[in-house]
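All values below were derived from every heavy atom in this structure, side-chain atoms included, with hydrogens, water molecules and symmetry-related copies excluded. Numbering starts at 1 and runs along the sequence shown. Computed from a predicted model, the values in this text were never measured in an experiment.
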Amino acid sequence: GWKASAGRWAMRQRQWVFLLVGAIVYAILMRRQGSFRREKLRSHSLIANELTRDRSARLGLNCRSIASEMLNGAEVNEESLSNIPTPQIQSVDGVSVSTAAEQGGTDRFFSISKLRSVLDDLKVNEASMSSDLLGIPLHLSRQGLTEKSKKLLEDLPPSPVFTLFARILEIPRPSFQEDQLRNFVRQMAVMNGWWHRTDSAGNLLIRKEGWDPDVAGVCLQAHMDMVTIADTSSTHNFSTDGIDAYVDNGWLRANGTTLGADNGIGVAVALSMLLDSSIRGPIEVLLTTNEESGMTGARGLSAKWLRSNVLINLDSEEAGRITRGCAGSFSKVLSWVPKREIPEKKMHYISMRISNLTGGHSGLMIHRKIPNAINVAARCLLEVMNEGNIPLQVVSFDGGDSLNSIPTRATAWLAVEKSSQVKKACDIIQSKLSLLQAEELSRSSRSLSDDDLLDPTTKARTWELEIREENRRGKTNHLLTKEDSRKFAEVLLRAPQGYIDVSRDGHVDSSVLLSKAHLDSQSASQLDLSFKARLSAELDEQKIDEYIADYGRLNDLDPQPMRDFYRGWTAPEDTIAVRSLRRAYRRVFKQEPEMQKVHGGLELGLIANKYPNVFCASVGAEILGAHTTQERLRISSVEHLSCWLKKAIELMHHSRSSSNSRSSH
């Protein structure tokens, strides 16, 4: 009996051991399954490292998009490469590649050899898919730049930001013409395996998954277009020509044109953060279109596109400052159809062009009372009529370049009855212009602050005047009547402009600028006066709108409805975006950053309205003279911004990863 009992006891022991071992194996398998899922999310970064070592594997990375298309049963062609989901790779150069398209849910397998055969069919150049040491594809790095850009980079600190910015400078990108830059960035996204999409407004969103699945993402935002202003002597074509940049005593500036550091340097910094393999968390980069001419990109942005709930705008222009508020804005047009006549006798015609005035940003520099070329031209015309007693008649007029810029030039066609009046009118205009410039030089030298003295736009510029008699025989000339010619000049002279409301701390709360004035020479053409109004978030836009409209009605001008309105934006100081930027600045530079609100416009006013749960802030490199041909970028501030931003992203990722871990426990 005791032997039977011992046998039963031994059997029970074996059963308990089997159960215990089974439980341990089950726990290990479940743990490994979780690890497998996490490893799968990290695979993109791990594969990217392998790709830099193995040439054939690198070819595999660029096959991912094609594989995804094949998985979804779509036809593959070169044009579709930039608009397809980015899969994840489970194996690089093994027997199979596991892909998971964003909208698919099942892993499928394709051999590398089959993907290579697809590439052969498409005649894709394998050499173009390799990467340089910076992680930028070779044809997008210094090896693909023009000789002029390579020479420029020799004068700049070695940095991926400047390498990217040199390429951006080569790409024409006026407002509404950002296609080339968008394609450049999309191509870069394809080569690096980043998810990317373009929406109906032309905005481009890039998403780089992080290697830590517990870390939440951060979005960096900049705009692709630039203000396009050139000196009178420049033959630059912004639609076809790149920017001719050079280094000048620690500053980067352009030859006779705007530089486009607003906001090209922001685009370059954002892309450099994507290329930085040491940043562990996911990053989104949002590049918007047409910021400088209506912000149509930000207006058309989908409210369900972004995943991140922290967004850092890179369009500020002061180093070491956190922008947590900006002005709102709208544009308004006043129209008037003046009376015209066809002269019964021979008239003498004068062509007048005033140019090379200082100019400046219509919001950030409005407090400086910088002369407006439209206003200056009107004062010259009235001087001829009043002091010269010459019955001057206007044929056509055009002044201003951009709604966002203080006008630097104005052109007019004028008519007088006698040949002797031509020289007299020209002399009066020349004398009046010289007097106005002398007054401006005297005023500005007395009112400049220490900060203003550093700004190149405050330096004296020699105003230019081209005035001569022109032969218009054979042309039907419709002249404004003498009465309406005088009224025309007075309307331009008295048009509202400058700041309206100022806060107790001296900050401009609201302002209006006459940005453009246009009158054709056709018989029924109308005068259009275009105004740019800016106001703080707490002010009523209707008040400013009525202020402009009342001026129009008093002078028989027809007020058009306000256009392109967006409300100002203000962020609290205790958001994760502001806190992380402040902590990062203290850690990197051992001092406290300045906080500011600006009277310029930022797209955050529109983005924050679409994403009320996204915490926003803005930073940037130091740019002086934005929206003028004196625009320049302080070179040292670029590295300053990069270090600051990288540390801030790290802190945001870390703090939010920690909060996620605590909430999961």
Side-chain angles (χ1 to χ4, degrees), residues 165 168-178 181 223-246 248 251-266 289-295 315 317 329 331 353-366 368 370-377 397-411 440 455-466 497 513-518 530-532 534 600-601 623-633:
F165 189 49
I168 292 170
L169 289 173
E170 292 183 351
I171 302 174
R173 50 190 180 92
S175 297
F176 301 104
Q177 299 179 40
E178 303 97 337
L181 179 56
H223 64 84
M224 292 183 279
D225 62 325
M226 62 175 285
V227 169
T228 53
I229 296 177
D231 285 338
T232 309
S233 58
S234 175
T235 59
H236 188 89
N237 185 338
F238 284 100
S239 296
T240 58
D241 302 337
I243 300 299
D244 181 14
Y246 64 95
D248 178 21
W251 296 84
L252 186 64
R253 56 184 304 177
N255 214 339
T257 67
T258 42
L259 175 63
D262 173 15
N263 189 221
I265 197 64
T289 61
N290 191 33
E291 189 270 353
E292 302 292 2
S293 296
M295 296 191 179
D315 198 17
E317 298 172 2
S329 173
S331 60
R353 178 181 175 86
I354 298 171
S355 61
N356 205 44
L357 273 69
T358 302
H361 192 286
S362 62
L364 301 179
M365 299 181 184
I366 196 70
R368 295 183 183 173
I370 295 172
N372 184 323
I374 298 172
N375 179 278
V376 168
F397 186 91
D398 185 63
D401 299 286
S402 166
L403 280 175
N404 285 337
S405 303
I406 299 172
T408 63
R409 55 137 202 113
T411 303
E440 165 58 18
D455 194 326
T457 60
T458 61
K459 295 182 179 179
R461 300 188 71 190
T462 303
W463 297 359
E464 296 178 1
L465 173 66
E466 298 176 23
Q497 60 182 3
L513 174 73
L514 174 58
S515 301
K516 292 183 178 181
H518 183 76
S530 300
F531 295 87
K532 183 73 170 183
R534 299 181 186 270
I623 300 172
L624 298 183
H627 298 190
T628 75
T629 57
Q630 298 297 302
E631 180 185 1
R632 60 177 69 185
L633 168 70

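Residues T408 and D401 have side chains in contact (heavy-atom distance under 4.5 Å, counting atoms from C-beta outward). Counting heavy atoms from C-beta outward, R173 and I168 have side chains that approach closer than 4.5 Å. Using a 4.5 Å heavy-atom threshold, the side chains of P172 and Q177 count as separate. A 4.5 Å side-chain heavy-atom check between T358 and T628 finds every atom pair outside the cut-off. For the pair L514 and F531, the minimum side-chain heavy-atom distance is below 4.5 Å. Side-chain atoms of Q630 and R253, non-hydrogen and from C-beta on, do get closer than 4.5 Å to each other.
Salt-bridge check for D398 with R409: passed, with a basic side-chain N closer than 4.0 Å to an acidic carboxylate O.
Put simply, the side chain of D248 never gets that close to the backbone of W251: no donor and acceptor are under 3.5 Å apart. A donor-acceptor contact shorter than 3.5 Å is absent between the side chain of S175 and the backbone of N290. Without hydrogens or angle criteria, D225 side chain to E292 main chain gives a donor-acceptor distance under 3.5 Å.
Rounding to the nearest 0.5 Å places CE of M226 at 4.0 Å from CD1 of I243. Taking NE2 of H361 as the start and CZ of R368 as the end, the distance is 11.5 Å to the nearest 0.5 Å. Interatomic distance, L624 CG to E631 CD, rounded to the nearest 0.5 Å: 9.5 Å. In this structure, CG on N372 lies 8.5 Å from CG on L357, to the nearest 0.5 angstrom. Between atom CD1 of residue I265 and atom CG of residue L169 there is a gap of 8.0 Å, rounded to the nearest 0.5 Å. Rounding to the nearest 0.5 Å places CG of L513 at 12.0 Å from OG of S331.
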Could you please spell out the steps behind the side chain to side chain contact (heavy atoms under 4.5 Å, CB included) verdict for D241 and T235?
-> CA-CA 10 Å; D241 302 337; T235 59; over 6 Å; no
Go through T411 and R353 one step at a time and tell me if the side chain to side chain donor-acceptor pair (under 3.5 Å) criterion holds.
-> CA-CA 4 Å; T411 303; R353 178 181 175 86; 3.2 Å; yes
Using the side chain to side chain contact (heavy atoms under 4.5 Å, CB included) rule, take E466 and T232 through it: C-alpha gap first, then chi angles, then the decisive distance, then the call.
-> CA-CA 10 Å; E466 298 176 23; T232 309; 3.7 Å; yes
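The two residues L252 and A245 have their closest heavy-atom pair at CD1-CB, 4.2 Å. Residue I623 comes nearest to A626 through the heavy atom pair CG2-CB, 4.3 Å, listed as atom of the first residue, atom of the second, then distance. Scanning all heavy atoms of the two residues, the minimum distance from S362 to S405 falls at CB-N, 4.0 Å. Smallest separation of non-hydrogen atoms from T228 and P174: CG2-CB, 3.8 Å. Residues M365 and G625 share a closest heavy-atom pair of CE-CA, 3.7 Å. Considering all non-hydrogen atoms of both residues, G601 and E291 come closest at O-OE2, 3.8 Å.
Counting only residues at least two apart or in different chains, salt bridge (charged side-chain N to carboxylate O under 4.0 Å, His left out) contacts with residues 231-240 comprise D231-R461.
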Report, one line per pair, each donor and acceptor closer than 3.5 Å where one atom sits in a side chain of residues 255-264; sequence neighbours left out.
residue	atom	partner	partner atom	Å
N255	ND2	D244	OD2	3.4
T258	OG1	V227	O	2.6
T258	OG1	I229	N	3.4
D262	OD1	H223	NE2	3.3
D262	OD2	H627	NE2	3.1
N263	OD1	H223	N	2.9
N263	ND2	L314	O	2.8
N263	ND2	D315	OD1	3.3

